[in-house]
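Computation of the quantities below employed the complete heavy-atom set of this structure, encompassing side-chain atoms and omitting hydrogens, waters and symmetry-equivalent molecules.
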Amino acid sequence: MDVVAKTDLRAPPLVGAQSTRRHGWHERHLQDLPAQGASVPVKLRLQRWRCRNEACERRTFATQLPEVAASRARRTDRAAEVVYLFGHGVGGRPGERLIKRMGMPRSDDTILRCVKRRVKERSSEGKTRVVGVDDWSWRKGFTYGTIIVDLERRQVLDLFPERAAGMTADWLRQRPDVEIISRDRCGLFAQGAQEGAPQARQIADRIHIMQNLREAIQVQLSRAPGFCARPLLPTDGEEVASVRDKHGGAEHRRLSRIANQHSRQAVFDHVRALWNEGRNVREIVRQTGFDRRTIAKWIRVHTLPERSASAPKTTSPRHFEDYLSRRWLEGCVRGRHLFQEIKARGYTESFSNLERLLAKWRNPKCKTENLKATSAVPNPRPVDPATGHSISPIVAAALYIKPQGLLTANQAAKVDALKKDWPEFATMRRLAMRFRGMLKSKSVGKLGSWLKDAQKSGLYAMQRFARTAQRDIDAVRNAITEPWSNGQTEGQINRLKSTRAQEN
C-alpha cells in the first residue's frame, strides 16, 4: 500500500518555524493491522524539507505523522497497541505464538520490549505516590524475587531477582515522591522502606496480619497435648513400657530421641554461628549438608523452632487411642477383638502395629499408671463429629479466625467440638474475633487494649502475635486506618506466575 503524505507539517522540531524549501522525498515502511490473517505493510512517501535557520543543528527534516505512528517506529500506533495488549495479557512466548497466527509475526523479545517501553512511558507521566511491595517465588522455598506495584495506576513498576532490603531501599531513594508503602510483614521490606523512604507511611497488609495470627495459633495447637500426633518424650527418670523392655529396646529408642534432639540443637547452634560470621546460605548448606529450606528458616530465628506435629492418620493406632482406652477399661483386653472394632471404624494398618500400643498396657508394672494417663488426659484430642477423625491443627487454626456467620454446618460442629474438648479454644477464638472486627471496623483506638488483653491471656499464640505486632505497631495502626492493601500486588503476582507457567 503506497500512501503519499499531503500534510503540511513543515516545522523543524528544534526551531518551530515553517520551511518552504523542499529537500526531497523520504520513504517509510510500517507494519499495520492484518487483513484476513495476512500481513499488511504500509509504505509511506513523505516529503523532506530543508531548515533555513543557520543556527539549527538539523539541516533537513522529514514530515512526521503523529496520528499514525511515533517517530522512528516500525509499526503503526494501532498495531503497536495490539502487540502491547498481547504481551501484557499472556506474556512473551504465548504472545508470540498467538500474534503470529493473526498475521503479525513478532518475537517474544520484541513483545516484552514493547511492554517495558509502554510501562516506562506511563511511569514517567506522573509521580508515584502509593506503592505495594511483596515477594514472589522463582522457585518456592528456595529463591524469591521482589515486585513493586503502583497501587494507584495498577501497574507493575519493577521486578528484582532477589528479596533484599538494599534493592528496595535503592529503588525508593530514586523516588522521593513515594508517600505510602503497603507491604507484608517481612522484616526485609520494613527495613528497606525505612532506609529508602523514611518520609513514607508503611502499611502492613491486613491479609498478611491475619495469616500471621493463624500461623501463631497453629504453632500453639501443634504443641498442645490434645493436638499432638505423638506423646511427649519421657524425661530421664520416667519408666517406659514396651514388649522389648527386657532387651532395652524402649530405653534405646528413648535415648535415641533425646540424642536426636541434642544433635539438632547442636546443628542449629552451628548454623547460627556460621551465619553470624558472615557466611551465606549456600556456604552453610555445603558445610552442614542440611536442606536449604531448613537453613533459610533457621537463620531467621534465634531459638530452635519446635517441630510441627500433624494429627494422627487412620494408619496409626493412636488415631483410635481414646476409643481403645475406654474399651480396655470396660474389660475388652483381647487384641483381635479390638483390632476388628477399630478396623470397622477406619483403621487401615496391621494387627502387629496395634499390638505395640497394647503391649504398654499389658505390662503389670505400669498398667495402672499408663491407663490413668491415657484415660485422664487433661486436653483430649478434639474429634470431628461428622467423621470421627481428629481435627488437625491446620483446620482448627483456620476455624479460629473465621466469623460465625461464614461457618458452614460442618465447620460450626467442629467449632463446638473444639470448645467442648479444649477450654482454651473459646478464649483464643474470642480474641481472634475481636482483632478481626477491629480491622473491619477500623477501630484503631481499641488496638492498645487488645494487645494488653492478649499479653495477659496466658496463651502462647496470642502473646507471641502481640509481641510481633508491638514491634511493628505503626504499620499495624496504618493497616487499620488506611484503605490501601496488597491485594493489587497479589493479583500482579498471580499474573506473573501464570505467565511463567505458560512460557515454561
Review point. Pick from D205, T146, D184: which one makes a side chain to side chain contact (heavy atoms under 4.5 Å, CB included) with V133?
Key: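 Testing V133 for a side chain to side chain contact (heavy atoms under 4.5 Å, CB included) against D205, T146, D184 leaves exactly one candidate, T146.
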
Exercise for review: In sequence, state the C-alpha distance, the side-chain angles, and the governing distance for D472 and R183, and then conclude on salt bridge (charged side-chain N to carboxylate O under 4.0 Å, His left out).
Suggested key: CA-CA 12 Å; D472 200 19; R183 57 171 175 81; 2.9 Å; yes

If we ignore angles and hydrogens, is there a donor and acceptor under 3.5 Å between the side chains of [X] and [Y]?
| X | Y | result |
| --- | --- | --- |
| S182 | N486 | yes |
| S39 | Q31 | yes |
| R471 | T468 | no |
| Q174 | D170 | no |

Revision key, fill the gap. Shortest non-hydrogen pair, I111 vs E96, comes out as CD1-N, 3.5 Å

Exercise for review: Could you pull out the closest heavy-atom pair between A432 and I401, with the gap in Å?
Suggested key: CB-CG2, 4.3 Å

Review point. Where do V83 and M104 land on the side-chain contact (heavy atoms from CB on, under 4.5 Å) test, with the steps shown first?
Key: CA-CA 9 Å; V83 174; M104 299 175 59; 4.1 Å; yes

Practice item. Assess whether side-chain contact (heavy atoms from CB on, under 4.5 Å) is satisfied between I148 and V156, documenting all intermediate values. Key: CA-CA 6 Å; I148 301 180; V156 178; over 6 Å; no

Look only at the side chain of [X] and the backbone of [Y], and say whether a donor-acceptor pair between them is shorter than 3.5 Å.
| X | Y | value |
| --- | --- | --- |
| Q199 | V178 | yes |
| R206 | A479 | yes |
| S443 | K446 | no |
| S441 | G437 | yes |

A side-chain contact here means heavy atoms from C-beta on lying under 4.5 Å apart; do [X] and [Y] qualify?
| X | Y | result |
| --- | --- | --- |
| E27 | H29 | yes |
| L151 | T489 | yes |
| I147 | Q492 | yes |
| M428 | L431 | no |

Practice item. Please say whether the positively charged group of R175, taken as NZ for Lys or CZ for Arg, lies over the ring of W171, i.e. under 6.0 angstrom from the six-membered ring centre and within 45 degrees of the axis. Key: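 Here R175 passes the 6.0 Å and 45° test against W171.
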
Check your understanding: Any cation-pi pair here, R429 with Y400, using under 6.0 Å and within 45°?
Key -> no

**Study point:** Ring geometry between W450 and F435 (parallel below 30°, tilted from 30 to 60°, perpendicular above 60°)
**Key:** tilted

Point to revise | Step-by-step side-chain contact (heavy atoms from CB on, under 4.5 Å) determination, W298 to V267 | key: CA-CA 10 Å; W298 282 359; V267 174; 3.8 Å; yes

Point to revise | Salt-bridge criterion met for D150 and R129 (N-O under 4.0 Å) | key: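 No.
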
Check your understanding: Would you call R78 and D32 a salt bridge, taking side-chain N to carboxylate O under 4.0 Å as the test?
Key -> yes

**Study point:** Nearest-0.5 Å distance, CD of residue Q463 to CZ of residue R467
**Key:** 6.5 Å

Exercise for review: Evaluate side-chain contact (heavy atoms from CB on, under 4.5 Å) for L407 paired with V415, printing each intermediate quantity in order.
Suggested key: CA-CA 9 Å; L407 294 174; V415 170; 3.8 Å; yes

Exercise for review: Give a yes or no on whether I180 atom CD1 has more than 12 heavy-atom contacts from other residues, nucleotides or ligands under 6.0 Å away.
Suggested key: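 Enclosed.
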
Check your understanding: Quick check: are there more than 12 heavy atoms from other residues, nucleotides or ligands sitting under 6.0 Å from CZ of R173?
Key -> yes

Practice item. Apply salt bridge (charged side-chain N to carboxylate O under 4.0 Å, His left out) to R201 and D474, showing your working. Key: CA-CA 8 Å; R201 299 197 307 274; D474 292 334; over 6 Å; no

